Enquirer: 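Pasting in a structure now, in structure tokens, and then I'll have a few things to ask.
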Amino acid sequence: MDYLKLIKRFIVIAFQDVLAYRMNFWISLLYSVLNLGTGVLGIVVLFSQVETLRGWTLASTLALLGVYLTLGALRGLFIGPSLEALAGMDGEVWTGQFDFTLLRPVDVQFLASFRHWRPLALLDLLLALGVLGTGMAQMGQTLTPGRVLAFVVGMAAGLLILYAILLAFSALVFWSPGFLFTWLFNALLQMARYPVGLYPGWLRLVLTWIVPVGVMTTIPAQALSGDLPTGMLAGAVALALAFFAGATALFRTGLRRYASASS
Amino acid sequence: MMQEARGKRQETRGKGQEAGSTHHGSRITLSQINLRGGLALIRRTWLSWVQHRSFFFLLAFGWMVPPLIYLFVWSTAAGGGTVGGFSRGQFVAYYLILIVVNQLTYSQTNWTVGDVIRYGGMNSLLLRPLSPVFDALSSEVAGKVVYMLFIVPVTAVLALWLRPELHVTLQNGLAFVPALALAWALRFFWGYWLALLAFWATRADALLALQDALIFLLAGQVAPTALLPGILHQAATWLPFRYMVGFPVEVLTGQLDAAGILTGFAFQLGWLAVTLALFSVMWRTGVKRYSAVGG
């Protein structure tokens, strides 16, 4: 598999790069711990006042936070850096460097999505899995193979939706360079820290169907606790596939508009 | 995000410097130069920021979301009854005011000062016939104006929609004004002295992230400080962060009695004195150490 070999190469390069900046490791660790600490304490404070909230307990909300942090860490590991290098500030489309990417004999969408890795995000991933594990242990639920399977499928669907939305926003750069809609999305994504059920009805609809950030975290967390209504998982997978197809189409259309740049 | 802001500010700074040097050539007394030059700089910076308003609106939206999340979550928790003595409408009022106060006291300058030191931009600031504080103040004024253009209408719409429950007494209203002013001064100078650590360490901005996390936890964002459990509540009372955001909001929403308000003012003034002392020490020793890099 050439693609897998390429990914391995990209990861090795990223590790070599990161080893040159050792101080950055400690700073990154500080940021990761702060992100984790504020998230966990936010939930602890809330549940110090109430026992349960619309069926969610401290334990299940912690597990949901673990899902949120895991998705965030995976995004920071490769999707984020790769798409940022493409369409972010001073990205390849902006500077015209994208010409060289187009010339390579590999699928452009693959390169744009997997090329840059940020190994320090593995710290986030470890911490996130720790939160997830703690939440699950606190729930005291027995994990049946069915639930684990539903959880893995839900996570995959969530990650695919996240990737599709980011890809779509990155593709918009072909129409309007300097587009900062990823920021708008990042602000909305924070809402996925809490179960969608805790928001008022209209917002729940927006977070489920229009900007489905709620689906990404709520469905895997519900799969773990066994509260997932039947059909929701299939719905999430269908939604993810639809978003992925739409975003890919948008990216390919945008690609045709690309007319290089010069300084 | 900050890179873009920095770009905007460097642009501003370049032009402001020209204005400063013409004043310098025309031999006015020092105090006149400071005031006129300072006001010109403030006006210039403000005009430049208004031009880039959509960018700053986006930033303001990003800062608004975390309090909004807690507004919704606590409203749901209160439901038809109360949680920790707060009803749904009171949570709404608390958080809407907090969004405005947070934006008014948030000092973006703190992030840029460190960069100015690291990239050698401090040179032009030090050569100006103005105290570098004017540079920070001009972005403060510009920022507040631009952010309020976004925050005030949005909060007003949310208020009409979410039906806050707020009864402001004359006493609370009057106490709110100095509480807000002191909160701004405390947050501004506290962030400034932390940013000045860049004179000694290149990655001092990591401490600003720590500060933001503590403000999130202890200044009343995650919950009104009255609802914080045990040790967090103690920390909120004694550390300076509550007095940068949460305290004025608590005053206006009538959570504090007269004694509580006076104690709060005492803490605010005490921490402000400590902060100003730290700031002036850091500034004086830092500038002596400063040696520019690059060009």
Side-chain angles (χ1 to χ4, degrees), chain A residues 21-56 61 84 88-90 178-204 207 213, chain B residues 1-4 7 54-55 57-79 81-86 88 161-162 201-207 209-218 221-233 236:
Chain A
Y21 301 93
R22 266 157 300 186
M23 184 62 189
N24 259 349
F25 171 82
W26 297 107
I27 306 256
S28 284
L29 185 65
L30 174 73
Y31 280 103
S32 309
V33 170
L34 286 180
N35 189 26
L36 174 96
T38 49
V40 171
L41 284 172
I43 290 173
V44 169
V45 168
L46 177 66
F47 285 96
S48 71
Q49 296 290 336
V50 289
E51 273 292 306
T52 61
L53 202 47
R54 298 245 171 106
W56 291 85
T61 314
E84 196 64 24
M89 236 168 244
D90 296 325
F179 206 73
L180 290 170
F181 263 73
T182 8
W183 290 14
L184 194 64
F185 172 70
N186 286 347
L188 290 173
L189 182 63
Q190 296 188 46
M191 295 209 159
R193 279 170 181 276
Y194 286 90
V196 274
L198 300 195
Y199 295 114
W202 58 273
L203 191 56
R204 219 178 306 157
L207 294 179
V213 295
Chain B
M1 161 169 97
M2 284 304 154
Q3 270 177 352
E4 177 76 358
S54 63
F55 168 77
F57 286 180
L58 209 52
L59 278 182
F61 176 72
W63 287 322
M64 195 175 163
V65 168
L68 264 184
I69 292 176
Y70 287 95
L71 184 157
F72 289 130
V73 168
W74 283 111
S75 300
T76 304
T82 59
V83 168
F86 284 80
R88 191 204 60 87
W161 190 10
L162 299 170
T202 36
R203 287 305 302 272
D205 52 336
L207 279 176
L210 179 63
Q211 183 199 240
D212 276 3
L214 288 171
I215 285 184
F216 171 79
L217 283 177
L218 301 176
Q221 275 214 23
V222 73
T225 46
L227 298 192
L228 292 177
I231 190 159
L232 283 178
H233 187 257

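These numbers come from a predicted model, not from an experiment. So you know, we letter chains A, B, ... as the sequences are listed, proteins then strands, and number each from 1. The analysis underlying the following values was restricted to heavy atoms, covering all of them including side chains, and did not include hydrogens, waters or symmetry mates.
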Enquirer: Once you round to the nearest 0.5 Å, how far does CD1 of B:Ile69 lie from CG of A:Leu203?
Expert: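 Interatomic distance, B:Ile69 CD1 to A:Leu203 CG, rounded to 0.5 Å: 9.5 Å.
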Enquirer: Is it the backbone or the side chain of B:Leu227 that comes under 4.5 Å from a heavy atom of chain A, or both, or neither?
Expert: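 Contact with chain A involves both backbone and side-chain atoms of B:Leu227.
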Enquirer: Would a 4.5 Å heavy-atom cut-off, applied to side chains only, mark A:Leu41 and B:Val222 as touching?
Expert: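 The answer is no, as the side chains (C-beta and beyond) never meet within the 4.5 Å cut-off.
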Enquirer: Please test B:Leu232 against A:Val45 for side-chain contact (heavy atoms from CB on, under 4.5 Å), starting from the C-alpha separation and ending with a verdict.
Expert: CA-CA 9 Å; B:Leu232 283 178; A:Val45 168; 3.8 Å; yes
Enquirer: If every non-hydrogen atom of A:Thr38 is compared with every non-hydrogen atom of B:Ala213, which pair is closest and at what distance?
Expert: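 Shortest heavy-atom separation between A:Thr38 and B:Ala213 comes out as CG2-CB, 3.8 Å.
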Enquirer: Checking side-chain contact (heavy atoms from CB on, under 4.5 Å) for the pair B:Val65/A:Leu188: CA distance, chi angles, key distance, verdict?
Expert: CA-CA 7 Å; B:Val65 168; A:Leu188 290 173; 5.6 Å; no
Enquirer: Contact part of B:Leu214 toward chain A, heavy-atom cut-off under 4.5 Å: side chain, backbone, both or neither?
Expert: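 B:Leu214 has no heavy atom closer than 4.5 Å to chain A.
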Enquirer: If you count heavy-atom pairs under 4.5 Å between each of B:Gly79, B:Ala77, B:Gly62 and chain A, which one has the most?
Expert: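 Highest number of heavy-atom pairs under 4.5 Å: B:Ala77.
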Enquirer: Against chain B, label A:Leu30 side chain, backbone, both or neither, depending on which of its atoms sit under 4.5 Å from a heavy atom there.
Expert: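 For A:Leu30, the side chain is the part near chain B, not the backbone.
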Enquirer: Can you name the closest pair of heavy atoms from A:Tyr199 and B:Val73 and give their distance?
Expert: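 Of all heavy-atom pairs spanning A:Tyr199 and B:Val73, the closest is CE2-CG2, 4.4 Å.
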Enquirer: Locate the shortest heavy-atom distance separating B:Tyr70 from A:Gly42; write the atom from each residue and the value.
Expert: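 Shortest heavy-atom separation between B:Tyr70 and A:Gly42 comes out as OH-CA, 4.1 Å.
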Enquirer: Could you look at A:Val50 and say if it's the side chain, the backbone, both or neither that has a heavy atom under 4.5 Å from chain B?
Expert: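 For A:Val50, side-chain heavy atoms alone lie under 4.5 Å from chain B.
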Enquirer: Which atom pair, heavy atoms only, marks the closest approach of B:Thr76 to A:Leu198?
Expert: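 What the structure gives for the nearest pair is OG1-O, 2.5 Å.
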Enquirer: When rounded to the nearest 0.5 angstrom, what distance separates CG in A:Asn186 from CG in B:Leu58?
Expert: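 Separation between the atoms: 9.5 Å.
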Enquirer: Which atoms of A:Leu53 come close to chain B, meaning under 4.5 Å heavy atom to heavy atom: side chain ones, backbone ones, both, or neither?
Expert: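 For A:Leu53, the contact with chain B is made by the side chain alone.
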